[in-house]
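All remarks here apply to the structure that follows.
None of the values given here were measured: they were computed from a predicted structure.
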Amino acid sequence: MTRLHWHELPPHVRTAVEAILDDRVVAAESQPGGFSPGTADRVRTARGGRAFVKAVSPALNSHTPAMHRAEARIAAALPATAPTPRLLGSHDDGDWITLVYADVEGRHPVTPWDAGELTAVLSTLETMAATLTPAPTVATTTAAEALGHDFGGWRRIAVDPPADLDPWARAHLSELRAAADRGLAALTGDTLCHLDVRADNLLVGPDGTVTVVDWPWACRGPAWLDTLLTVVNVQVYGGHDPDALLAARPLTAHVDPADLTGVLAGLTGFFLDSARQPPPPGIPTVRAFQRLQADALLPWLARRLAG
């Protein structure tokens with residue numbers, strides 16, 4: 001997607017970033033991936049320092065500044081032992097909100113997912129869940145609160161079904177609503193969950209180390225939730241047996257299968273319902289990605305519900 005670049009930021013924002021870095025920025029490279037309309041630049045300073053800078057204002061999208069502010073609160077509370085980038089500082093002038101992170105050398109996992117990279121990511125998420133349990137006190141929102149509206153997608157679809165609704169889904173709307181309700185009820189726990197784990201929110205370093213980035217949606221929930229969300233992303237791109245992955249990982253292997261299916265139902269309904277909405281300002285591609293996810297998840301969900 002088209003993003004603002006470092007040189008397009010207001011001068012006072014660039015000055016604030018340089019004050020955080022205690023050096024002058026001499027080069028910046030915009031980073032691809034994600035859906036934020038704000039900047040996302042890896043910058044280099046005059047003395048050779050490196051950092052990652054993300055900034056946004058309400059003029060680009062009215063909801064994104066609140067996400068950046070939430071991320072600033074969460075990132076500042078993450079322990080140094082978590083596999084996350086270190087927040088160097090933030091700037092908030094009431095209009096522009098800017099986050100400055102230590103630069104992380106790495107790239108996004110390849111998609112369709114490589115088996116070795118997937119194993120490294122899932123192992124990292126398991127370690128991360130242990131590190132982030134109990135959740136830092138700054139995380140006041142629960143996963144059930146964060147996903148409560150989203151998991152009502154099948155109810156909204158039942159009231160106003162799209163013309164192209166899959167015939168199987170149309171015939172099983174009551175079952176899908178009930179499954180999503182069960183999934184929402186299963187989202188209990190005191191682990192800090194990222195809640196948006198996808199390939200474009202992960203970095204694999206040259207040594208294979210995995211870093212989990214972009215934390216605006218973090219909340220308290222079950223230790224297994226981020227693992228399930230990663231397997232959802234794997235299913236979107238294909239090439240792996242998602243049920244075999246869930247059965248093989250320690251965080252998901254012993255979870256009630258109906259709870260996992262319920263969360264999957266809630267996510268699928270959310271993606272399908274959201275995909276038919278107008279695109280948010282400044283984020284024209286998100287609806288197509290939501291439909292891609294819904295189309296990939298629905299056959300898996302149907303298999304699980306069939307038992």
Kindly check if the number of other-residue, nucleotide or ligand heavy atoms within 6.0 Å of [atom1] ([X]) is above 12?
{"X": "R276", "atom1": "CZ", "answer": "yes"}
{"X": "W217", "atom1": "CH2", "answer": "no"}
{"X": "R170", "atom1": "CZ", "answer": "yes"}
{"X": "H63", "atom1": "NE2", "answer": "no"}

Taking C-beta and beyond as the side chain, do [X] and [Y] meet within less than 4.5 Å on heavy atoms?
{"X": "H194", "Y": "L125", "result": "no"}
{"X": "W224", "Y": "L260", "result": "yes"}
{"X": "L192", "Y": "P136", "result": "yes"}
{"X": "L297", "Y": "F271", "result": "yes"}
{"X": "L173", "Y": "I157", "result": "yes"}
{"X": "L118", "Y": "T230", "result": "yes"}
{"X": "W168", "Y": "L176", "result": "yes"}
{"X": "W6", "Y": "V53", "result": "yes"}

Is any side-chain N of the basic residue among [X] and [Y] closer than 4.0 Å to the acidic one's carboxylate O?
{"X": "K54", "Y": "D214", "value": "yes"}
{"X": "E117", "Y": "R107", "value": "yes"}
{"X": "D295", "Y": "R291", "value": "yes"}
{"X": "D181", "Y": "R155", "value": "yes"}

Quick one: does any side-chain atom of [X] pair with a main-chain N or O of [Y] as donor and acceptor, under 3.5 Å?
{"X": "R47", "Y": "D22", "result": "yes"}
{"X": "Q235", "Y": "A296", "result": "yes"}
{"X": "D226", "Y": "L195", "result": "yes"}
{"X": "E18", "Y": "V25", "result": "yes"}
{"X": "T261", "Y": "P257", "result": "yes"}

Rounded at 0.5 Å granularity, tell me how far [atom1] in [X] sits from [atom2] in [Y].
{"X": "L99", "Y": "M67", "atom1": "CG", "atom2": "CE", "value": "11.5 Å"}
{"X": "C193", "Y": "L229", "atom1": "SG", "atom2": "CG", "value": "8.0 Å"}
{"X": "Q31", "Y": "L203", "atom1": "CD", "atom2": "CG", "value": "9.0 Å"}
{"X": "L228", "Y": "L264", "atom1": "CG", "atom2": "CG", "value": "7.0 Å"}
{"X": "T227", "Y": "L251", "atom1": "OG1", "atom2": "CG", "value": "4.5 Å"}
{"X": "F52", "Y": "D41", "atom1": "CZ", "atom2": "CG", "value": "7.5 Å"}

Which atom of P109 lies closest to which atom of A199, heavy atoms considered: CD-O, 3.2 Å
Considering all heavy atoms, the nearest V104-P85 contact: CG2-CB, 3.8 Å
Under 4.5 Å between side-chain heavy atoms, hopping through other hydrophobics if needed: is there a path connecting [X] to [Y]?
{"X": "V234", "Y": "L298", "answer": "yes"}
{"X": "L301", "Y": "F270", "answer": "yes"}
{"X": "L292", "Y": "L165", "answer": "yes"}
{"X": "M128", "Y": "V138", "answer": "yes"}
{"X": "W154", "Y": "L305", "answer": "yes"}

side-chain contact (heavy atoms from CB on, under 4.5 Å) assessment of R156 paired with D160: CA-CA 6 Å; R156 294 186 289 274; D160 180 24; over 6 Å; no
No-hydrogen, no-angle side-chain donor-acceptor test under 3.5 Å, D196 and W215: no
Verdict with reasoning, R44 to D23, per salt bridge (Lys or Arg N to Asp or Glu O under 4.0 Å): CA-CA 9 Å; R44 179 169 54 83; D23 200 0; over 6 Å; no
Qualifying salt bridge (Lys or Arg N to Asp or Glu O under 4.0 Å) pairs with a residue from residues 254-268, counting only residues at least two apart or across chains: R182-D256, R182-D259
Salt bridge (Lys or Arg N to Asp or Glu O under 4.0 Å) pairs, two or more places apart, involving residues 123-152: E126-R249
Criterion side-chain contact (heavy atoms from CB on, under 4.5 Å) on H5 and L9, from CA distance to verdict: CA-CA 7 Å; H5 296 88; L9 287 173; over 6 Å; no
Test log, rule side-chain contact (heavy atoms from CB on, under 4.5 Å), inputs V197 and N233: CA-CA 8 Å; V197 184; N233 191 247; over 6 Å; no
side-chain contact (heavy atoms from CB on, under 4.5 Å) between H108 and L202, worked out: CA-CA 6 Å; H108 299 309; L202 298 162; 5.6 Å; no
